[in-house]
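For reference, the structure discussed in these notes is given below.
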Amino acid sequence: MERVRGIGGYFMRAADPAALGAWYRECLGLDVDEHGLWHQETGPTVFATFESGTDYFGSRAQHTMLNFRVRDLDAMLAQLRAKGADVAGETQDMEGVGRFGWVTDPEGNRVELWQPA
C-alpha cells in the first residue's frame with residue numbers, strides 16, 4: 001500500500017490573504033517564502049479526529065485546527081500578547097505529551113501551540 005509521507009501544506013481561506021499571511025509571519029515567526037514554502041524543523045506531528053460537537057477548536061464553524069510546535073510556550077504566548085493577539089487565558093498540561101496554549105488569528109481561526117514534553 002502506498003502511504004502519505006507527511007503534511008504537504010495547510011491552506012486557508014481569508015478575507016485578506018496578504019494580511020493574514022503577514023500576521024502568521026510577524027506574530028508566530030512563520031518563515032515562509034513568496035510561494036508559502038516553509039522548511040519546518042523535524043519533529044512529531046499528530047493526526048487526530050474529534051467528535052463533531054467538540055468545543056476544542058473554538059467556534060463550531062471551524063472544522064480543523066492548525067497546531068504548531070514551539071520551543072518555549074510561555075515565551076511564544078508573551079510575544080503574541082505583546083503584539084495584541086487574541087491569546088486564550090488558559091494553558092493545558094498533558095503528562096508525557098507536553099503543554100498547550102491557543103491563539104485566535106485575525107480571521108477567527110483558533111490555532112494551537114504545543115510545547116512537546
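Note that the structure is a prediction, hence the values are computed from the model and not measured.
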Would you give the length of the straight line joining atom CG of Asn67 to atom CD of Glu112, rounded to the nearest 0.5 angstrom? 4.5 Å
If the plane angle is over 60° it's perpendicular, under 30° parallel, otherwise tilted; pick one for Phe68 and Trp38. perpendicular
What is the distance from atom CG of Leu80 to atom CD of Glu26, rounded to the nearest 0.5 Å? 12.0 Å
Would you give the length of the straight line joining atom CG of Leu113 to atom CE of Met76, rounded to the nearest 0.5 angstrom? 6.5 Å
Dump the intermediate steps for side-chain contact (heavy atoms from CB on, under 4.5 Å) on Asp55 and Arg60, then the final yes or no. CA-CA 7 Å; Asp55 291 325; Arg60 292 212 177 158; 3.1 Å; yes
Going by atom type alone, with no hydrogens or angles, which donor-acceptor pairs under 3.5 Å involve a side-chain atom of residues 88-97 and a protein atom two or more places apart or on another chain?
unit_1: Asp93; atom_1: OD1; unit_2: Arg99; atom_2: NE; d: 3.0

Using a 6.0 Å cut-off, check whether atom CG of Asp33 has over 12 heavy atoms from anything other than its own residue. yes
Here the pair of heavy atoms bringing Gln62 nearest to Asn109 is OE1-CA, 3.4 Å
Looking only at heavy atoms, which two atoms of Trp114 and Gly98 are closest? And how far apart? NE1-CA, 4.1 Å
Are the side chain of Asp105 and the backbone of Gly108 linked by a donor-acceptor contact shorter than 3.5 Å? yes
Less than 3.5 Å apart, which donor and acceptor atoms pair up between the side chains of residues 2-18 and the rest of the protein, not counting sequence neighbours?
unit_1: Tyr10; atom_1: OH; unit_2: Thr64; atom_2: OG1; d: 2.8
unit_1: Asp16; atom_1: OD1; unit_2: Ala18; atom_2: N; d: 3.4
unit_1: Asp16; atom_1: OD1; unit_2: Ala19; atom_2: N; d: 3.1

Quick one: do Leu77 and Val70 satisfy side-chain contact (heavy atoms from CB on, under 4.5 Å)? Show the steps, please. CA-CA 10 Å; Leu77 295 176; Val70 299; over 6 Å; no
Test your reading of the model: is there a side-chain donor-acceptor pair from Arg110 to the backbone of Tyr56, 3.5 Å cut-off? yes
Side-chain donor or acceptor of Arg69 paired with backbone N/O of Glu41 under 3.5 Å: yes
What's the spacing between Asp74 CG and Gln79 CD if we round to 0.5 Å? 12.5 Å
If you round to the nearest 0.5 Å, how far is CZ of Phe50 from CE of Met65? 6.0 Å
Using side-chain heavy atoms (C-beta onward) and a distance below 4.5 Å, is Leu28 in contact with Trp23? yes
Locate the shortest heavy-atom distance separating Val103 from Ala85; write the atom from each residue and the value. CG2-CB, 3.9 Å
Considering non-hydrogen atoms only, spot the tightest contact between Val87 and Arg81 and give its length. CG1-NH2, 3.5 Å
